[in-house]
2 protein chains.
Amino acid sequence: MTQPPDSSRPGNDRITLTEVAGHAGVSRSTVSLVLRGSPLVAAETRERVQAAMAALGYIYNRGAATLRAARTQTVGLLVCELNNPFYAELTAGMDDVLDAEGFVAFIANTAEQPERQERFLQRMREHNVDGVILCPAAGTQGELLDRLDRWRLPCVQALRFVSDRGRDYAGVDYQAGVETVVDHLVSLGHSRIAFVGGTLDHSAYAARHAGFTAAMRRHGLADDLVLRCPLTRRSGAEVADDLLHRPQAPTAALCYNDVVALGLMLGLEARGLRAGRDLAVTGFDDVPEAALSRPALTTVATSARQIGQEAARLLLRRIADPQGPPERIILPSRLVVRQSCGAPIHSTHHRDLS
Amino acid sequence: MTQPPDSSRPGNDRITLTEVAGHAGVSRSTVSLVLRGSPLVAAETRERVQAAMAALGYIYNRGAATLRAARTQTVGLLVCELNNPFYAELTAGMDDVLDAEGFVAFIANTAEQPERQERFLQRMREHNVDGVILCPAAGTQGELLDRLDRWRLPCVQALRFVSDRGRDYAGVDYQAGVETVVDHLVSLGHSRIAFVGGTLDHSAYAARHAGFTAAMRRHGLADDLVLRCPLTRRSGAEVADDLLHRPQAPTAALCYNDVVALGLMLGLEARGLRAGRDLAVTGFDDVPEAALSRPALTTVATSARQIGQEAARLLLRRIADPQGPPERIILPSRLVVRQSCGAPIHSTHHRDLS
DNA sequence: CAGGCTAATTGGATCGATCCAAATACGCAA
DNA sequence: TTGCGTATTTGGATCGATCCAATTAGCCTG
């Protein structure tokens, strides 16, 4: 009927700064200064306090600190598609930089759902994050960024943007990447080139499509062969028929990303056709499988990890200086020519491994 | 020389519960009760308070709440290798469940470094997480779990464990998975089978190796052909020579995971050999590339996302009831027979897409 | 030795919520 | 009208840190 006599109340055993102060024979204020590495404290005192902290097993209570101090040393990562290996790499890159600066990141997978993204943002605000890195879900309204401003919540957009006017952004030069691919295909003699894949509207789609259009026009070629389809292997495979049974069938398919390209190659194979011989196929991202498929996929390499690192760096800078000038970091991409575009097939000895 | 006159102090504009109370004409206590959904509050009052919150744009300050309340609604995710697509999927699964319960997760990539893992754990404690999901870095000492106990920090191990005696764990039945592979290879007539890959010692390695040994002995076969190598494509390729130039060369290589297996297949090819014809090759994980390689890789499918979900569920249960009985969830794996093990080659029409 | 200056330390108020015991309001029976 | 039980509401103390103005200690100089 009563509490068990020996019941040690849960969580009551946490050592506080006051207890450390008692043990070290100084005031709370001094311990607090030591915690924050203030130069005001005498070396001898500092050591005594640190010894006390070690002896008692003191753990800093950031929640308490946050109540007074401005910062929490936390940031939010809102990723539009966490299960995609590309974003995994990106996240790892962010983690590298944040860890080095003593920050911890909340992670959230918005799964391309704006309302989920909204929910997570609220939650992050409740947790008082110092800023967020956002890969905006497709369909995100531009008004969101204004709200972030009003909330005074520093935000860096990564890989995609709702708007990048006057805002921090880290991404890849998708347009130039696609243009390089077109140039390469044209140099191989192709003139009917299709742009394949992508259903959602966001800046990353727009940029690639713009690259396609710009390069085609530059070469005086028609840029109207655009097939939108979901970014899955399956849809890539299914689009093969549509592509080949047109009045003027293209001789090359420039795919939105590797996943679609790999799917398309499977679709061709299932029809007894082969990429690189019957249809030139190219991808985008250079996922590990690209080097591995037969024929190996010509694609554009982007360094996901590095983008993650840059985005984190931008955010930390913005947190430190909210008024500073906005920065855009656009990393270059790199054309990786393999066999799927019809270039001469090399010996497998030279295939790249990862 | 003085502050600009209009300088609105940063962060001073946050609405507090007290202001909501004033606006709604009730006390702070009442607002607090509304926030926590207490049934004590009269419906009419509740509505008035909620209207005030909406009108003022109130944001709950969890940091402040944490100071008094026991819970933070946050957990930590310590992943040993975040950039691996497998873990990306796992993380997405955890996120699904945590989101539904209103929790947010801190993420940390330990990158197989115990000291990094240690650092993150301290940081999570500072942030007062309610619990952690741990994929222990290779080399983690068993003593860590005791410390977690002492800290009263609920912990669920996932995919690997340091020790699972009396502890929560969610993972895959690696041993059974490997045994199935051995059985299949034996049924195809193989008797000299090598176990290839893995350098780090952890439970996931031990379980697979145990499966190999058990099944081989069961069939009365020698289980001593074990080649340890790093889990990269490159090492997989390099191991091919070693494998083939032994006095009694094996006829099958059961690889630790798909990455090594895919590498090994490339190594064979570079020597003019072919998996499934000159050497049976199998993998583990069923990564997307497995279905895509030529020949397609026979492997064992595990559902990463589901494991993530289960691990999160276990953790939430443990947080709710710290004294409850420990639970182990072992999900089954599934043999996926493709061409790399020497089974008859099917038409590509039947190849599975993802 | 007083006075001034720097270096180091300190106590009390404070952040924004929760907890708890106590106060108040209301309805109804005696 | 009083008394009492139930339903609501409330003020003050509290969590564990930080901030700030004020104090104390130590040293040098004239």
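Below, chains carry the letters A, B, ... as their sequence lines are ordered, and counting in each starts from 1.
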A/Leu35 CG to C/dT10 P, in whole Å, measures 15 Å

What I want to check is whether the side chains of B/Arg62 and B/Thr66 have a donor and an acceptor closer together than 3.5 Å.
no

So, OP1 or OP2 of D/dC15: does either fall under 4.0 Å of a side-chain N or O from A/Arg14?
no

Would you mind telling me which residue lines up with the more 5' stretch of DNA chain C, B/Ala70 or A/Leu67, judged by nearest nucleotide?
A/Leu67

Please check this pair: side chain of A/Arg116 against backbone of A/Asn109, looking for a donor-acceptor N/O pair closer than 3.5 Å.
yes

Starting from P on C/dC19, measure out to CG on B/Leu40 and report it in whole angstrom.
13 Å

Tell me the interatomic distance from B/Arg68, atom CZ, to C/dT18, atom P, rounded to whole angstroms.
10 Å

What's the angle between the local helix axes at either end of the helix from C/dC1-D/dG30 to C/dA30-D/dT1, using five pairs per end and rounding to 10 degrees?
60°

Looking at C/dT9, I'd like to know if its phosphate oxygens (OP1 or OP2) sit under 4.0 Å from a side-chain N or O belonging to A/Thr45.
yes

Given B/Cys155, which partner from the list B/Val132, B/Ile133, B/Val75 fulfils the side-chain contact (heavy atoms from CB on, under 4.5 Å) test?
B/Val132

Do side-chain atoms of B/Tyr169 reach the backbone of B/Leu159 as a donor and acceptor pair under 3.5 angstrom?
yes

Take the protein atom CD of A/Glu126 and the nucleotide atom P of C/dG16, then report the distance between them rounded to whole Å.
15 Å

Is the side chain of B/Glu112 donor-acceptor paired with the backbone N or O of B/Ala138 at a distance under 3.5 Å, no angle test?
yes

Rounding to an integer number of Å, can you tell me how far A/Asn61 CG sits from C/dC15 C1'?
13 Å

Atom CZ of A/Arg48 and atom C1' of C/dA8 are separated, to the nearest Å, by 12 Å

Under 3.5 Å side-chain donor-acceptor pair for A/Ser27 and A/Thr30:
yes

Applying a 4.0 Å non-hydrogen cut-off, can you work out what A/Thr66 is touching in the nucleic acid: base, sugar-phosphate, or nothing?
nothing

Would one find more than 12 heavy atoms of other residues, nucleotides or ligands at under 6.0 Å from atom CD of B/Gln141?
no

Consider side chain to side chain donor-acceptor pair (under 3.5 Å). Of B/Arg318, B/Gln157, B/Arg328, B/Arg317, which one does B/Asp168 pass it with?
B/Arg318

Sub-3.5 Å donor-acceptor pair from the side chain of B/Thr74 to the main-chain atoms of B/Ala105, do we have one?
no

Contact list please: residues 20-30 of chain B against DNA chain C, heavy atoms, distance less than 4.0 Å, in numerical order.
B/Arg28, B/Ser29

Out of C/dT9, C/dT18, D/dT18, whichever nucleotide has its closest atom nearest the side chain of B/Ala69:
C/dT18

Whole Å only: how far is the CD1 atom of A/Ile15 from the C1' atom of D/dC15?
15 Å

OP1 or OP2 of D/dG16 less than 4.0 angstrom from a side-chain nitrogen or oxygen of A/Arg62, does that happen here?
no

Go through C/dA17, D/dA17, D/dT8 for me and flag the one nearest to the B/Leu17 side chain.
C/dA17

A/Ser203 side-chain N/O to A/Phe161 backbone N/O, donor-acceptor pair under 3.5 Å:
yes

For A/Ile59 and D/dG16, what is the distance between atoms CD1 and P respectively, to the nearest whole Å?
14 Å

